[in-house]
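All ligand and atom numbering here is 1-based and tracks the order in the structure.
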Amino acid sequence: MNRAVKTRTAYFCQSCGYESAKWLGKCPSCESWNSFAEEVIVKGNGKQAGAKTGVNRVNQPVKISEIEFSPQYRISTADAELDRVLGGGIVPGSLVLLGGEPGIGKSTLLLQVAMQLPLKILYVSGEESQQQIRLRANRLQPDLNQNEDTSAKPDEAPPQSGMGASGLYILTETSTQHILKQAEQLEPQLVIIDSVQTLYSAHIESTPGSVSQVRECTAELLRFAKESHIPVFMIGHITKDGLIAGPKILEHMVDTVLQFEGDRHHTYRILRAIKNRFGAAAELGVYEMQGNGMRGVNNPSEVLLSQREEALSGVAVSVTLEGIRPMLIETQALVSPSVYGTPQRSATGFDSRRMNMLLAVLEKRCGFRLGMKDVFLNITGGIRIDDPAIDLGLVCSIISSHEDIPLPPHCCFAGEVGLSGEIRAVNRVEQRIAEAEKLGFETLYISRYNRKELNLSRYKIEVIAVGKIEEVIGSLFG
Ligand code: TYD
Ligand code: MG
């Protein structure tokens, strides 16, 4: 039966991609409200998605021991932070999604990586013109032109950084069919797509950026990556709620999801692996946005601590661990009498519900009258920390501000605070101690429950093990 092209519309949840024949107020799959939008789907002669790329090969089952593999074959990105977050470099044939808010520096990071790598790279942009990309490239590497005409001056010393982007090709295109055709001709070693929301596939007739388009384009790129073994990086925008725009479904399809975070007004950016089929998730890289691109920060503790001369009240240093990397960060608190009826509570870079919990513990277990006080918390550097080990440091900065007594210099904290005011153990405490010691701290407060596993004679830093929040406060504020 050979039917004519059939037009069909359906409703899709813009958050998770759930398909429904009629409009629904609440998505049965992800339970978000008012997320359905109508999209037109044109099924090209009723064929299945897999048939579009002309895959005729039939795969046979193979014994797992007979599958060929090359253990550690990865392409280094020449960027230590990105390599670490990817789990040691790019895996051939992988599809990596890089998410982040607009203006955070996604295009800058990937263009910069593409310019550093001595590989043949296809950078596809659906957002910017060739001239705009060239302008950005010049900003990242002002001597780009001089590098290119080395043939004119053969005596000159080679450029220090990479190959001067001589293997980087820019394509401004949004149709996946055209992009894949060009990629097959060019045979690059890496493809970068900026961004998935601008792509459209001719197989589906809905606007670029809609769930069905994003999903179909990702599926096409995924097939391309797996068949050609060429790794593909995709940039994806993030919605206001912090989700990768459109479908959460993308996260299931790709191999690795990286998220670029940070406050646009601060210079530091955090690159986080949310999902990684080829490495540890929760791995983290720190960048600093400079006038000429992103610079990896390999000693984040040193930059995140403010260089202060005098002791200030309300400031405490905590040792956190992101991924496998310990980092010292500074927390600041301001506690002041509330002028309005309702006290204000605000936390930047920290979960405000957790802050309220800590305030309640202080009120109930230690008798501090914080109920009528405004409390503001801030984690310096504009980064966000979820590690509960900063609880103890936060509590100490709150008390320090409340009492207006600065904490002793060269003292830092790593402990989780429980509801009854007990200090709970944290993971990888040795690494935290070593990092605090490396940065010249003299005292570290940890949980009594962490003490057992430790051989303290190895460290120069004084490690004080405490069991209850009252003990810490007693020892610090008398
Ligand atoms: P961009 O990479 O365009 O962000 P995204 O692709 O995530 O939307 O980054 C844009 C911002 O970065 C812009 O505000 C300017 C700033 N920037 C620098 O500070 N230094 C640089 O070298 C470059 C290229 C951009
Ligand atoms: Mg961009």
Side-chain angles (χ1 to χ4, degrees), residues 77-79 81-82 85 96-117 121-145 147 159-162 164-165 168-174 179 190-200 208-209 214 217-218 221 232-246 250 254 256-274 284-297 303 381-384:
T77 59
D79 179 325
E81 301 295 303
L82 183 59
V85 176
V96 179
L97 176 66
L98 173 65
E101 286 174 23
I104 203 89
K106 302 177 295 294
S107 310
T108 306
L109 179 70
L110 289 189
L111 184 64
Q112 180 178 324
V113 165
M115 288 171 64
Q116 279 167 8
L117 275 181
I121 297 173
L122 179 62
Y123 185 104
V124 184
S125 179
E127 303 203 329
E128 287 156 302
S129 68
Q130 292 173 348
Q131 284 71 25
Q132 280 174 308
I133 299 170
R134 180 61 214 257
L135 264 176
R136 188 196 300 260
N138 266 31
R139 193 168 165 189
L140 297 174
Q141 200 173 316
D143 55 352
L144 193 59
N145 273 341
N147 290 346
Q160 330 88 310
S161 57
L168 176 58
Y169 293 80
I170 306 291
L171 173 67
T172 47
E173 178 60 71
T174 53
I179 292 170
L190 173 68
V191 176
I192 296 173
I193 307 282
D194 188 3
S195 64
V196 65
Q197 276 90 10
T198 59
L199 295 185
Y200 80 91
V214 167
C217 295
T218 309
L221 290 171
V232 178
F233 273 77
M234 272 185 340
I235 290 178
H237 294 292
I238 274 190
T239 56
K240 280 182 242 88
D241 338 326
L243 294 173
I244 298 206
L250 273 190
V254 302
T256 303
V257 182
L258 305 182
Q259 187 145 315
F260 219 14
E261 302 171 356
D263 191 331
R264 254 193 299 165
H265 307 292
H266 282 78
T267 57
Y268 295 110
R269 302 279 185 274
I270 305 282
L271 184 65
R272 224 183 263 278
I274 296 181
L284 182 131
V286 182
Y287 287 91
E288 185 177 4
M289 179 66 124
Q290 296 179 346
N292 57 353
M294 300 276 175
R295 292 285 159 270
V297 176
V303 294
I383 64 172
R384 196 184 160 76

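- Listed by number with element, the atoms of ligand 1 under 4.0 Å from a non-hydrogen atom of N292 are 22 (O).
- Close N/O approach between M289 and ligand 1 is not found [any backbone or side-chain N/O within under 3.5 Å].
- With ligand atoms numbered from 1 in the order given, ligand 1 contributes 8 (O) to contacts under 4.0 Å with heavy atoms of P102.
- Counting protein heavy atoms only, atom 22 (O) of ligand 1 is closest to G293 N, 2.6 Å.
- Between S195 and E127, the side chains place a donor N or O and an acceptor N or O closer than 3.5 Å (distance only, hydrogens not considered).
- Separation of atoms CG (N292) and CZ (R139) is listed at 8.5 Å; rounding is to 0.5 Å.
- For atom 18 (C) of ligand 1, the closest heavy atom belonging to the protein is R139 NH2, 3.4 Å.
- Residue contacts with ligand 1: G291 is placed with a nitrogen or oxygen under 3.5 Å of a nitrogen or oxygen of the ligand (distance criterion only).
- Q112 places no side-chain N or O within 3.5 Å of a backbone atom of G293 that could act as its donor or acceptor partner.
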Evaluation steps, side chain to side chain contact (heavy atoms under 4.5 Å, CB included), between V124 and T174: CA-CA 8 Å; V124 184; T174 53; over 6 Å; no
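- The backbone N or O of I235 sits nowhere less than 3.5 Å from a side-chain atom of K106 that would complete a donor-acceptor pair.
- Distance from atom 6 (O) of ligand 1 to its nearest protein heavy atom, with residue and atom name: S107 OG, 2.6 Å.
- Among all protein heavy atoms, the one lying closest to atom 14 (O) of ligand 1 is G103 O, 4.4 Å.
- None of the N, O or S atoms belonging to S195 lies under 2.8 Å away from the Mg ion (ligand 2).
- Put simply, CD on E173 and OG on S125 are 11.0 Å apart, with the number rounded to the nearest 0.5 Å.
- Of the polar atoms of E128, none of the N or O atoms is found under 3.5 Å from an N or O of ligand 1, judged by distance alone.
- Distance check: I193 CD1 to L122 CG gives 7.0 Å after rounding to the nearest 0.5 Å.
- Of the protein's non-hydrogen atoms, T108 OG1, 2.5 Å is the one closest to atom 2 (O) of ligand 1.
- Remark: the backbone N or O of S129 is paired with a side-chain donor or acceptor of Q132 at under 3.5 angstrom.
- Close N/O approach between G105 and ligand 1 is found [any backbone or side-chain N/O within under 3.5 Å].
- Listed by atom number, the atoms of ligand 1 under 4.0 Å from R136 heavy atoms are 1 (P), 2 (O), 3 (O), 24 (C).
- Remark: ligand 1 atoms within the under-4.0 Å shell around heavy atoms of Q290 are 18 (C), 19 (O), 20 (N), 21 (C), 22 (O).
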Worked check of salt bridge (Lys or Arg N to Asp or Glu O under 4.0 Å) between E261 and R269: CA-CA 6 Å; E261 302 171 356; R269 302 279 185 274; over 6 Å; no
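- When each of V297, L271, T267, T108 is checked for a side-chain contact (heavy atoms from CB on, under 4.5 Å) with Y287, only L271 meets the rule.
- For ligand 1, none of its N or O atoms has an N or O atom of H237 under 3.5 Å away.
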